Amino acid sequence: MAPVNQPKDKKHEKTHEHRSEEAKSAGKRKLDCEGLENVPLAKKLFLRKTSKAQEKIGWNRGGTVMKNTRAFFHQPKWQRSIVHYVYQNMLGGSIRAQLRQCLQLPFLRSLTSYRLFRTASPFDRRVTCLEWHPTHPSTVAVGSKGGDIILWDYEVLTKTCFIKGKGPGDSLGDIKFSPYEAVKLYVASGDGTLSLQDLEGRAVQVISRAPDCGHENHNVCCWYCSVDVSASCRAVVTGDNLGNVVLLSTSGEEIWRLKLHKKKVTHVEFNSRCEWLLATASVDQTVKIWDLRNIKDKANFLHVLPHDKPVNAAYFSPTDGAKLLSTDQRNEIRVYSCSDWTKPQHLIPHPHRQFQHLTPIKATWHPRYDLIVVGRYPDPKFPGYTVNELRTVDIFDGNTGEMVCQLYDPNASGIISVSFNILIWSREEMVMKKQEHLLKAMTEQGIGSRSLSRRGGQKQTNPGTSTLKAKLLSWEVEEMGTKPKDSKSRGWK
DNA sequence: ACCTTATGACCCC
DNA sequence: TGGGGTCCCTAAGG
């Protein structure tokens with residue numbers, strides 16, 4: 001399935017184990033490691049993209065897979081055939097750059113057949129952030145403008161968990177799964193707190209509070225906008241709307257707080273392969289690369305990457321941590337390489353301009369290929385604009401900068417970035433199969449009939465499959481009984 | 001059909 | 001450095 005706009009699966013590879021000796025002692029060169037052997041099996045098994053292939057061939061059965069996999073891994077390199085790599089790829093393991101390139105092609109071919117699989121609109125405000133579950137392949141955590149968080153397994157009808165937010169002012173800038181306990185989420189909120197939320201209902205732990213501005217309405221002037229967690233450093237970074245970056249221990253002790261940017265820090269991120277490397281992005285139109293071992297003030301960054309507009313995000317590539325993908329607030333996507341931070345390797349023109357009432361659009365990496373996924377917001381002022389230009393999800397090759405695919409489904413009206421609804425895409429044949437499966441479950445549970453009537457005006461494209469599709473597309477998490485009664489929902493147009 | 005609400009970024013004093 | 005006004009121009013709910 002295709003990441004909608006914010007897959008951010010980097011944490012799959014971001015965790016402790018890989019950042020071993022080499023990463024610790026190394027500089028930039030070590031970023032480019034190809035090592036597949038060190039990747040823990042558990043990680044390989046659960047990388048999101050693998051799930052479909054696994055299901056298809058019935059290999060998704062814990063113990064057996066582990067054994068087989070282990071056998072494969074212990075083959076000497078020279079004995080390995082393409083089968084080994086294909087298999088390894090299916091399991092989500094990291095692969096050599098060349099092979100990744102070669103496997104990318106069939107993946108791209110399958111991408112063109114991706115269709116909307118399921119949607120959910122569980123919030124009364126727009127979606128502001130999304131994170132894939134670190135180990136469960138079909139589960140996402142999604143945060144809203146009102147502070148709500150939903151944990152949703154879209155392969156199953158009734159598996160969700162909903163944490164109600166505080167409403168206005170509790171806008172969630174960013175969420176990250178704890179690398180230690182997957183039931184916990186670090187949450188940066190517009191109410192000024194950085195907290196560790198528990199998805200199983202245990203008490204919320206406030207990790208940090210943005211400085212009090214002294215006004216009546218406490219904290220309204222300062223709030224955290226972004227978070228990241230490093231398992232190996234046992235550290236959390238966060239950035240606020242005034243340009244401060246804070247480094248904390250995972251339990252909340254403040255290590256330092258420095259004003260590293262002139263304006264809002266939209267994104268902070270640890271590098272997955274090099275534990276001391278940190279990237280920050282800001283509306284001050286810069287991305288800065290830092291050496292965590294040596295941060296004193298705003299001037300002693302390793303590199304500045306000046307942009308022409310405010311920057312929404314700067315993500316390290318999950319494949320090797322050696323590239324950085326930035327999105328500005330108008331029409332540029334950039335790919336930088338750690339081999340030369342002085343200029344972007346690719347400057348991709350792309351319309352995704354900032355608008356007050358839209359969640360900022362952020363180009364993100366596919367978790368296993370150097371592919372870039374980004375929502376298009378057609379702009380009459382953008383060169384090449386046409387009147388009927390669609391609000392697609394665009395996919396670019398991160399190595400060439402070429403656009404390789406556009407996803408579009410008329411059922412998903414509006415701007416298809418992380419914005420108003422949660423959209424899950426999957427391969428067409430899988431969509432059919434899975435929708436049938438889910439529909440059967442719905443009928444069995446006697447819960448299929450009311451969703452259609454409640455939701456007028458949905459456009460249907462194919463009369464043959466429309467009923468089925470409409471039911472699943474309009475299916476709301478609300479009907480699973482997890483949505484609070486006082487929360488109004490948004491349906492499909 | 002029309003109005004309201006929604007804590008973004010920038011410019012100016 | 002901070003408050004007020006303006007512009008960017010979506011989308012749902014009443």
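Keep in mind that this is a model prediction, so the values were computed, not measured. Per chain, numbering begins at 1; letters A, B, ... match sequence-line order.
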Rounded distance (Å) that lies between atom [atom2] of [N] and atom [atom1] of [X]:
X: A/D124; N: C/dA11; atom1: CG; atom2: P; value: 17 Å
X: A/I361; N: C/dC8; atom1: CD1; atom2: P; value: 17 Å
X: A/L172; N: B/dT7; atom1: CG; atom2: C1'; value: 14 Å
X: A/F420; N: C/dA12; atom1: CZ; atom2: C1'; value: 8 Å
X: A/D379; N: C/dC7; atom1: CG; atom2: C1'; value: 14 Å
X: A/R330; N: C/dC8; atom1: CZ; atom2: C1'; value: 8 Å
X: A/K259; N: C/dT1; atom1: NZ; atom2: P; value: 7 Å
X: A/R125; N: B/dT4; atom1: CZ; atom2: C1'; value: 13 Å

- Item | Short side-chain N/O contact from A/R391 to OP1 or OP2 of C/dA11, under 4.0 Å | yes
- Message: For a quick test of reading the model: is some side-chain N or O of A/Y377 closer than 4.0 Å to OP1 or OP2 of C/dC9?
- Response: no
- Query: Is it true that the side chains of A/T359 and A/R126 contain a donor and an acceptor less than 3.5 Å apart?
  - Reply: yes
- Scan side-chain atoms only and decide if A/T280 and A/H267 contain a donor-acceptor pair under the 3.5 Å cut-off. no
- Please identify each residue that fulfils side chain to side chain donor-acceptor pair (under 3.5 Å) with A/D308, with sequence neighbours left out. none
- Message: Test of understanding: with side chain to side chain donor-acceptor pair (under 3.5 Å), list the residues that count as partners of A/D153, not counting sequence neighbours.
- Response: A/S138, A/K159
- Item | C/dC9 and B/dT5, which share atom name P, separated by this distance in whole Å | 22 Å
- Item | Sequence-aligned protein contact record of nucleotides 8-13 of chain B, with B where the base is within under 4.0 Å of a protein heavy atom and S where only the sugar-phosphate is | BSS---
- Within the structure shown, what part of the strands sits under 4.0 Å from A/G169 by heavy-atom distance: base, sugar-phosphate, or nothing? base
- Task: Please report the closest heavy-atom contact between A/F177 and A/H133, naming both atoms and the distance.
- Result: CE1-CA, 3.5 Å
- Query: Any ion pair linking A/E155 and A/K434 (charged N to carboxylate O, less than 4.0 Å)?
  - Reply: yes
- Message: Salt bridge check, A/R115 against A/D409: does any charged N sit closer than 4.0 Å to a carboxylate O?
- Response: no
